[in-house]
Amino acid sequence: MTAADTSVRPTAAANWRALGTSVRLVTTDPALLDSCNLLLARQLAEVDAACSRFRDDSELVALDRADGRPVRVSPLLAEALAVALRAAAATDGAIDPTVGSAMNAIGYDRDFRLVQEEGRPVKLTVRPVPGWRLIRLDRATGTVTVPAGVRLDLGATAKAWAADKAAVTLARVAGCGVLVSLGGDTAVAGEPPAGGWRIRVQDVTGPVDETPPQGPYATVGLRGGGLATSGTTARAWRSGPHTLHHILDPDTGLPADSPWRTVSVAAATCADANAASTAALIKGTGAERWLSGLGLPARLVARDGTVVTTPGWPTTGTPQFSPPPPLPIPVPDSGAPPPNPRSSNAGGAEYFAARADISARPAFEDKGGSGGAAPRVGTGRGGGGEESPAADTTEAAP
């Protein structure tokens, strides 16, 4: 009998599409895959009905039509909004859910496949977004107030939050290890396979059983928390003479001009990882110092392919570590969180206090690039579902 016979649990996977992106579910008990997949489909359908900005019948679109009046929302949408506002506070406003109108203005006003196919010309105008502090979420009454003319977009947070929520629910119900990846935003829960879940982080999205044809990539073992990669190339399109992408800078309302093409982050939750990776792209130069100051393992790939990592990103021989439990940061009712200047790390330091449980595989390799020793993870940002460039998941790490 080999070591693999006794130490590696069998896994089973299902792949399909929802929320405008790819869905991958992996369980450590193959007999429970079908039932878990049915529950996942139901949960994602509920998230879509609550949070989509492309559905006329969604709760989020109903807020656009309220003309500034308080609207009673479902607990699901209230939770999604709370996550978005917490992310805005933690990233000093780099993540801002009031980018909906700016997304529409650059042409991202329908499913991305249609945007990419049509590529209609748009006029680019510098205009700061309204700002997340204008949103009023009252959890006691279950109401949300959005000023007239402000359009919300939860694409920067809802997909990763949905992955977290689904992974935890499925692991609890099924009693086995579960991995949920939505467009590359990956959350795990329950008992992981021996060696952890094997995650390949790369620039270009592709099948999990194929080596990426271009760009640097690395494989890590994830035992807990979440991993996300944000990038400016996976969801880009041409509009007249312009090449646009879905990650907007709230200060300009236009696609962020970042020195990084992808940023991957590992954190206690996929939502945290996604918020940090997207914010890092928007913050641009110095993002690696911001992530290091928060203690987040990250991997940043520059436009020329240079790879920079922050302390904690696994390298050969790096030991595994267990994160402390997440620290809940509630959004105050009847108003947005207190001011948090973009030049400060005050909010983020507390928000990102917990850590992912990430390690290098025994045969860790980072193909391509150069740079320091640090972490990486991935997630995308913007309207609707997006395909993250990294975090392809294979089976159990050996």
Side-chain angles (χ1 to χ4, degrees), residues 9 11-19 21-48 50-51 76 79-80 83 87 154 157-193 195-201 208 220-229 264-277 322-323 325-326 328 354-359 377-380 385 388 390-397:
R9 293 185 178 187
T11 60
N15 298 280
W16 44 290
R17 292 189 66 83
L19 305 182
T21 193
S22 61
V23 177
R24 182 169 176 82
L25 169 67
V26 190
T27 65
T28 57
D29 188 339
L32 297 174
L33 177 65
D34 289 345
S35 57
C36 285
N37 208 31
L38 287 173
L39 181 56
L40 176 60
R42 186 175 70 183
Q43 289 194 349
L44 295 185
E46 292 172 348
V47 170
D48 189 52
C51 303
L76 191 67
E79 183 179 345
V83 169
L154 303 183
T157 53
K159 182 159 57 72
W161 159 74
D164 284 325
K165 194 175 182 67
V168 170
T169 299
L170 295 177
R172 183 180 67 249
V173 172
C176 67
V178 172
L179 178 147
V180 176
S181 178
L182 302 180
D185 290 349
T186 303
V188 299
E191 183 67 23
W197 297 100
R198 190 172 66 190
I199 312 292
R200 186 174 67 225
V201 178
V208 299
V220 297
L222 186 66
R223 302 188 63 86
L227 181 66
T229 297
S264 300
V265 177
T269 67
C270 186
D272 288 2
N274 195 32
S277 62
S322 297
R355 301 288 182 268
D357 194 346
I358 185 173
S359 64
V377 112
T379 232
S388 296
D392 279 336
T393 308
T394 59
E395 305 302 328

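The structure displayed is predicted, hence computed values, not measured ones.
- Inter-residue side-chain proximity for K165 and L76 is flagged as met; some heavy-atom pair is nearer than 4.5 Å.
- Contact between A273 and A267 at its shortest, heavy atoms only, is N-CB, 3.5 Å.
- With contacts defined as side-chain heavy-atom distances shorter than 4.5 Å, the pair L44/L182 qualifies.
- Taking each heavy atom of R24 and A13 in turn, the nearest pair found is NH2-CB, 3.6 Å.
- For the pair L179/L222, no side-chain contact is recorded, criterion being any heavy-atom separation below 4.5 Å from C-beta on.
- The side-chain heavy atoms of L170 and L25, taken from C-beta on, include a pair separated by under 4.5 Å.
- Across all non-hydrogen atoms, the minimal contact from A275 to A87 is CB-CB, 3.9 Å.
- Side chain of T186 to backbone of G184: a donor-acceptor contact under 3.5 angstrom is found.
- A heavy-atom distance below 4.5 Å is found between the side chains of W161 and C51.
- At a threshold of 4.5 Å between non-hydrogen side-chain atoms, the residues W16 and N37 count as touching.
- Between L32 and S35, the closest side-chain pair of non-hydrogen atoms falls below 4.5 Å.
- In plain terms, the two heavy atoms of A271 and D164 that are nearest each other are N-OD2, 2.8 Å.
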